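Each remark here refers to the structure printed beneath this line.
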Protein chains: 2
Amino acid sequence: MVVRELDADRVFAALADATRRDIVTRVLRGEASVTALARCYEMSFAAVQKHVAVLERARLVTKERRGREQLVRGDITTVRAAGHLLEQFERVWAGRVERMHELLAEEAEGNPEGPS
Amino acid sequence: MVVRELDADRVFAALADATRRDIVTRVLRGEASVTALARCYEMSFAAVQKHVAVLERARLVTKERRGREQLVRGDITTVRAAGHLLEQFERVWAGRVERMHELLAEEAEGNPEGPS
DNA sequence: GTAACGTACAACCTCGTGGTTGTACGTGAG
DNA sequence: CTCACGTACAACCACGAGGTTGTACGTTAC
């Protein structure tokens, strides 16, 4: 397996919100309970809980029960998987540039073996 | 300027759709008109047009009029900017690991100058 | 045991998104 | 000039996202 299947739709959608990106940053720095996270933002506990749920479905965070608390921690592997997807765009783009160079080279050489 | 201000919300939201990611791939490989793109997908022209508009607002693509056509091309710099944002998550995560190592080191040394 | 805490979830509202069809307008070809 | 083409945009619909409040349930503290 490629470490794990990446649900690109869910991951990018989850990252498309400033609050959620902030939550990811916090729990990447160190685990935190849902209520501890909720205290950081000016919105209801339920709202934060939903954000965490979105991040969990995207596998950007994991939850682990400890006593009556639920500890949330960031999952760096999913972040990396998203980064790799972006790198694929880079490769596509680089490939296009390479093809352009080939064309230019052929023209400069007077198309010795180019298409008729 | 940091090359240009990245609107993370818009960029990630734009990337959170398979059709739009496919469009980005195509126009990163080589420019294409909106109708040419529309022919690639089983949805109305207007729908594809909207997707392109979303990508344009996120600056993932640029449009340039040529005659009666509108040429769409991918903007690799925005893709890179998004990648750099993901790398910031990596750094946060790495920083946490580093701090963990410091704590372990202090414990191993018997906390010669640690907190009372 | 009881009370407070941390969590989960349902119901509800509003707004943006992704799709449709229809219409209008500028440009290029014949 | 005329007509087809490429594009733009408005109106509409269905659905999910993001927020709220209220309620319920398990767990810890006292």
Side-chain angles (χ1 to χ4, degrees), chain A residues 6-27 30-75 78 82, chain B residues 6-27 30-75 78 82:
Chain A
L6 174 73
D7 187 334
D9 282 28
R10 276 202 245 281
V11 173
F12 285 125
L15 290 174
D17 182 283
T19 303
R20 285 196 292 262
R21 286 194 301 276
D22 196 70
I23 290 177
V24 170
T25 304
R26 285 181 195 274
V27 297
E31 60 190 16
S33 72
V34 183
T35 22
L37 286 173
R39 272 192 283 270
C40 301
Y41 308 98
E42 291 188 346
M43 65 181 78
S44 69
F45 168 80
V48 174
Q49 198 182 7
K50 281 192 183 182
H51 281 306
V52 172
V54 169
L55 291 170
E56 191 182 16
R57 279 200 306 158
R59 309 218 228 200
L60 279 162
V61 307
T62 59
K63 288 200 293 188
E64 185 191 347
R65 176 137 251 137
R66 197 177 66 184
R68 65 182 169 183
E69 288 186 336
Q70 191 91 252
L71 293 186
V72 183
R73 49 171 67 92
D75 186 341
T78 302
Chain B
L6 174 73
D7 187 333
D9 282 26
R10 276 201 245 280
V11 172
F12 286 125
L15 290 174
D17 181 283
T19 302
R20 285 197 293 262
R21 286 195 302 275
D22 195 71
I23 291 178
V24 169
T25 304
R26 286 181 195 275
V27 299
E31 60 191 15
S33 72
V34 181
T35 24
L37 286 173
R39 272 192 283 272
C40 301
Y41 308 98
E42 292 188 346
M43 65 181 78
S44 69
F45 168 81
V48 174
Q49 198 181 9
K50 280 192 182 181
H51 281 306
V52 172
V54 170
L55 291 170
E56 192 182 14
R57 279 200 305 158
R59 308 219 231 201
L60 279 163
V61 306
T62 58
K63 287 198 293 189
E64 184 191 348
R65 176 138 253 137
R66 196 177 65 184
R68 64 182 170 185
E69 289 185 334
Q70 190 92 248
L71 293 186
V72 183
R73 49 170 69 91
D75 186 342
T78 302

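A quick note: this is a predicted structure, and the numbers were derived from the prediction, not measured. Reminder, nothing fancy here: chain letters follow the sequence lines and each chain counts from 1.
- When rounded to the nearest whole Å, the span between CG of B:Asp9 and C1' of D:dA17 equals 13 Å.
- Rounded to whole Å, atom P of C:dG16 lies 22 Å from atom CZ of B:Phe12.
- In terms of phosphate contacts, B:Gln70 brings no side-chain nitrogen or oxygen within less than 4.0 Å of OP1 or OP2 of D:dG6.
- Among the nucleotides D:dA11, D:dG6, C:dT17, the one closest to the side chain of B:Lys50 is D:dA11.
- Summarising the geometry of A:Tyr41 relative to A:Asp22, their closest heavy-atom pair is OH-OD2, 2.6 Å, with the distance given to 0.1 Å.
- In this structure, the nucleotide among D:dT7, C:dG18, C:dT20 sitting nearest to the side chain of B:Ala46 is C:dT20.
- When each of C:dA8, D:dT7, C:dG19 is scored by its nearest atom to the side-chain atoms of B:Phe45, the top-ranked nucleotide is D:dT7.
- Contact check, B:Thr35 against D:dC5: no side-chain N or O comes under 4.0 Å of OP1 or OP2.
- Between A:Arg65 and A:Ala47, it is A:Ala47 whose nearest contact on DNA chain D lies nearer the 5' terminus.
- Shown here for A:Ala16 and B:Asp9, the closest heavy-atom pair between the two residues is CB-O, 3.6 Å.
- Nearest to the side chain of B:Arg68, among D:dG19, D:dG6, D:dT20, sits D:dG6.
- At whole-Å resolution of the value, OH in B:Tyr41 and P in C:dG18 are 14 Å apart.
- Heavy atoms only, all atoms of each residue included: A:Phe45 and A:Val34 are closest at CE1-CG1, 3.5 Å.
- The separation between B:Leu15 atom CG and C:dG18 atom P is 12 Å, rounded to whole Å.
- When all heavy atoms of B:Ala82 and B:Val11 are compared, the pair lying nearest together is CB-CG1, 4.1 Å.
- Nucleotide D:dT20 holds its C1' atom 12 Å from the CE atom of A:Met43, rounded to whole Å.
- Separating the CD atom of B:Glu56 from the P atom of D:dT7 is a distance of 13 Å, rounded to the nearest angstrom.
- B:Ser33 has no side-chain polar atom (N or O) that falls below the 4.0 Å cut-off from OP1 or OP2 of D:dG6.
- For the OP1/OP2 pair of D:dG19 and a distance below 4.0 Å, the side-chain nitrogens and oxygens of A:Ser44 include no atom meeting the criterion.
- B:His51 has its NE2 atom 14 Å from the C1' atom of C:dG16, to the nearest Å.
- Note: CD (A:Glu69) to P (D:dT28) measures 10 Å, nearest angstrom.
- Of the candidates B:Leu55, B:Val72, B:Thr19, B:Leu55 is the only one forming a side chain to side chain contact (heavy atoms under 4.5 Å, CB included) with B:Val24.
- Contacts of B:Arg39 with the nucleic acid, taken as non-hydrogen atoms under 4.0 Å apart, are absent.
- Side chain of B:Gln49, nearest nucleotide from D:dG18, C:dT20, D:dT7: D:dT7.
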